[in-house]
Undergrad: 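One structure follows; several queries about it will come next.
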Amino acid sequence: RQIMFSAVDEEVEIASLCMMVGHALNLQDSGTTCVVEALPHCAATGVRTINDPVSRQSRFGILRDAAQQLSDRLWFMPRDLLREDSSPQWSASWLRGRLAELRLDFDYTVLQGPALGSHDEATLLATLCDGVVLVLVANRTRRLVAQRVKEKLESAHARVLAVVMTERTFP
């Protein structure tokens, strides 16, 4: 029910892939889906976030009310709703609680995670999700780096569900 998509390399854009998965789940008529921007504040995003003057403290409770509704069964949650107010990094207990709230509010959660090759927070998030989908870029992601990331996830007891290769061209 909670899957994190994460690139191995830092500069890989996966926001559109996560939104495609969210739209595909929406078309399946199988429940509610939330695409969550689970990125550090310094990371770039391909999805427009909600600019809302309401403080995050008043948003606790039902996350569905704070998320942006894209269709009848699809929502988008910007990164600031996943963050703890004063902490520059995620804590395991905070994330565990936030993911539990998401499980209560939505049938499926697609998390746009930070790059696994360069963010330790990504491994923490991966262990708290049901599984991880690694995103590799053809002719750019080095095999050795991808193997190290996979080993890092396995040692943290995170489930690698699939590997997706982007930008592959066929002759």
Side-chain angles (χ1 to χ4, degrees), residues 1-41 43-54 56 58-84 90 94-116 119 121-138 141 149 153 158-170:
R1 293 186 42 199
Q2 288 185 332
I3 305 298
M4 181 176 85
F5 284 75
S6 183
V8 172
D9 302 314
E10 182 71 37
E11 296 83 24
V12 177
E13 189 276 322
I14 61 169
S16 58
L17 176 64
C18 292
M19 288 306 292
M20 286 189 325
V21 170
H23 283 292
L25 286 168
N26 185 37
L27 292 174
Q28 294 297 317
D29 195 28
S30 56
T32 57
T33 302
C34 186
V35 177
V36 178
E37 193 179 47
L39 301 170
H41 282 291
T45 179
V47 179
R48 186 176 62 83
T49 60
I50 301 169
N51 293 319
D52 176 333
V54 179
R56 287 186 40 238
S58 66
R59 291 183 178 170
F60 285 103
I62 299 174
L63 288 176
R64 186 180 297 199
D65 293 340
Q68 179 182 11
Q69 188 169 1
L70 303 176
S71 71
D72 60 334
R73 292 183 318 274
L74 180 63
W75 281 259
F76 171 72
M77 192 175 97
R79 74 181 91 195
D80 59 333
L81 292 177
L82 194 67
R83 282 253 170 228
E84 197 169 2
W90 289 324
W94 173 262
L95 275 177
R96 189 174 292 112
R98 255 331 193 205
L99 293 177
E101 287 180 69
L102 284 165
R103 282 185 196 277
L104 292 174
D105 286 349
F106 301 99
D107 296 311
Y108 302 101
T109 308
V110 177
L111 294 117
Q112 175 192 346
L116 281 159
H119 290 280
E121 293 175 325
T123 305
L124 170 63
L125 187 57
T127 61
L128 297 174
C129 292
D130 295 329
V132 180
V133 175
L134 293 176
V135 181
L136 311 176
V137 180
T141 303
V149 165
L153 288 170
R159 290 180 53 195
V160 178
L161 300 176
V163 177
V164 174
M165 183 176 289
T166 63
E167 299 179 24
R168 169 74 166 101
T169 57
F170 294 94

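All values derive from a computational prediction rather than experimental measurement. Scope of the values below: all heavy atoms of this structure, side chains included, with no hydrogens, waters or symmetry mates.
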Undergrad: Ignoring hydrogens, what is the shortest heavy-atom contact between Arg1 and Phe106? Give both atom names and the distance.
TA: NH2-O, 2.9 Å
Undergrad: According to side chain to side chain donor-acceptor pair (under 3.5 Å), who are the partners of Thr141, at least two apart in sequence or on a separate chain?
TA: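 Result, side chain to side chain donor-acceptor pair (under 3.5 Å) vs Thr141: Asp9.
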Undergrad: After noting the C-alpha distance and the side-chain angles of Leu125 and Leu99, does the key distance pass the side chain to side chain contact (heavy atoms under 4.5 Å, CB included) rule?
TA: CA-CA 9 Å; Leu125 187 57; Leu99 293 177; 4.1 Å; yes
Undergrad: Just how far is it from atom CZ of Arg98 to atom CE of Met77, taken to the nearest 0.5 Å?
TA: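 One gets 6.0 Å once the value is rounded to the nearest 0.5 Å.
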Undergrad: For the backbone of Arg79 and the side chain of Glu37, can you confirm whether one donor and one acceptor N or O come within less than 3.5 Å of each other?
TA: yes
Undergrad: May I ask you to decide if Met4's main-chain N or O and Gln2's side chain share a donor-acceptor pair within less than 3.5 Å?
TA: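 No, because the side chain of Gln2 does not come within donor-acceptor range (under 3.5 Å) of the backbone of Met4.
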Undergrad: Identify, with sequence neighbours excluded, every residue that meets ring-ring contact (aromatic ring centres under 6.0 Å, His included) alongside Phe5.
TA: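 With neighbours one apart ignored, the set is empty.
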Undergrad: Quick one: do Val137 and Thr166 satisfy side chain to side chain contact (heavy atoms under 4.5 Å, CB included)? Show the steps, please.
TA: CA-CA 5 Å; Val137 180; Thr166 63; 3.7 Å; yes
Undergrad: Can you check whether Leu25's main-chain N or O pairs, donor with acceptor, with Arg73's side chain at less than 3.5 Å?
TA: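 Such a contact is absent between Arg73 side chain and Leu25 backbone.
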Undergrad: Tell me whether Thr33 contacts the main-chain N or O of Leu74 through its side chain, where contact means a donor paired with an acceptor under 3.5 Å.
TA: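 Side chain of Thr33 to backbone of Leu74: no pair is present.
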Undergrad: OG1 of Thr32 to CG of Asp105: how many Å apart, nearest 0.5 Å?
TA: 8.0 Å
Undergrad: What are the two closest heavy atoms between Leu111 and Cys129, and how far apart are they?
TA: CD1-SG, 3.5 Å
Undergrad: Return the set of residues passing side chain to side chain contact (heavy atoms under 4.5 Å, CB included) with Met20 (not counting sequence neighbours), or none when no residue passes.
TA: Leu17
Undergrad: Please identify each residue that fulfils side chain to side chain donor-acceptor pair (under 3.5 Å) with Ser71, with sequence neighbours left out.
TA: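 Asn26.
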Undergrad: Write down the atom of Val35, the atom of Cys18, and the distance for their closest heavy-atom approach.
TA: CG2-O, 3.8 Å
Undergrad: About how many Å separate SG of Cys34 and CG of Leu102, when rounded to the nearest 0.5 Å?
TA: 6.0 Å
Undergrad: To the nearest 0.5 angstrom, please state how far the CD atom of Gln28 sits from the OH atom of Tyr108.
TA: 9.0 Å
Undergrad: So which heavy atom on Glu10 is nearest to which on Ala115, and how close?
TA: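 Taking Glu10 first and Ala115 second, the nearest heavy atoms are CA-CB, 3.7 Å.
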Undergrad: Indicate yes or no for a side-chain donor-acceptor contact from Ser6 to the backbone of Pro114 under 3.5 Å, with no hydrogens or angles considered.
TA: yes
Undergrad: What pairs with Ala7 under side chain to side chain contact (heavy atoms under 4.5 Å, CB included), at least two apart in sequence or on another chain?
TA: Val12, Ile14, Val135
Undergrad: CG/Leu136 to CZ/Arg168 distance, rounded to the nearest 0.5 angstrom?
TA: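 Answer for the CG-CZ pair, Leu136 versus Arg168, is 13.0 Å.
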Undergrad: Of all residues at least two apart in sequence or in a different chain, which pass the salt bridge (charged side-chain N to carboxylate O under 4.0 Å, His left out) check with Arg103?
TA: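 By the salt bridge (charged side-chain N to carboxylate O under 4.0 Å, His left out) rule, Arg103 matches Asp130.
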Undergrad: Enter the distance from His23:NE2 to Leu27:CG here, rounded to the nearest 0.5 Å.
TA: 8.5 Å
Undergrad: Who pairs with Arg96 by side chain to side chain contact (heavy atoms under 4.5 Å, CB included), at least two apart in sequence or on another chain?
TA: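 With neighbours one apart ignored, the set is Ala92, Leu128.
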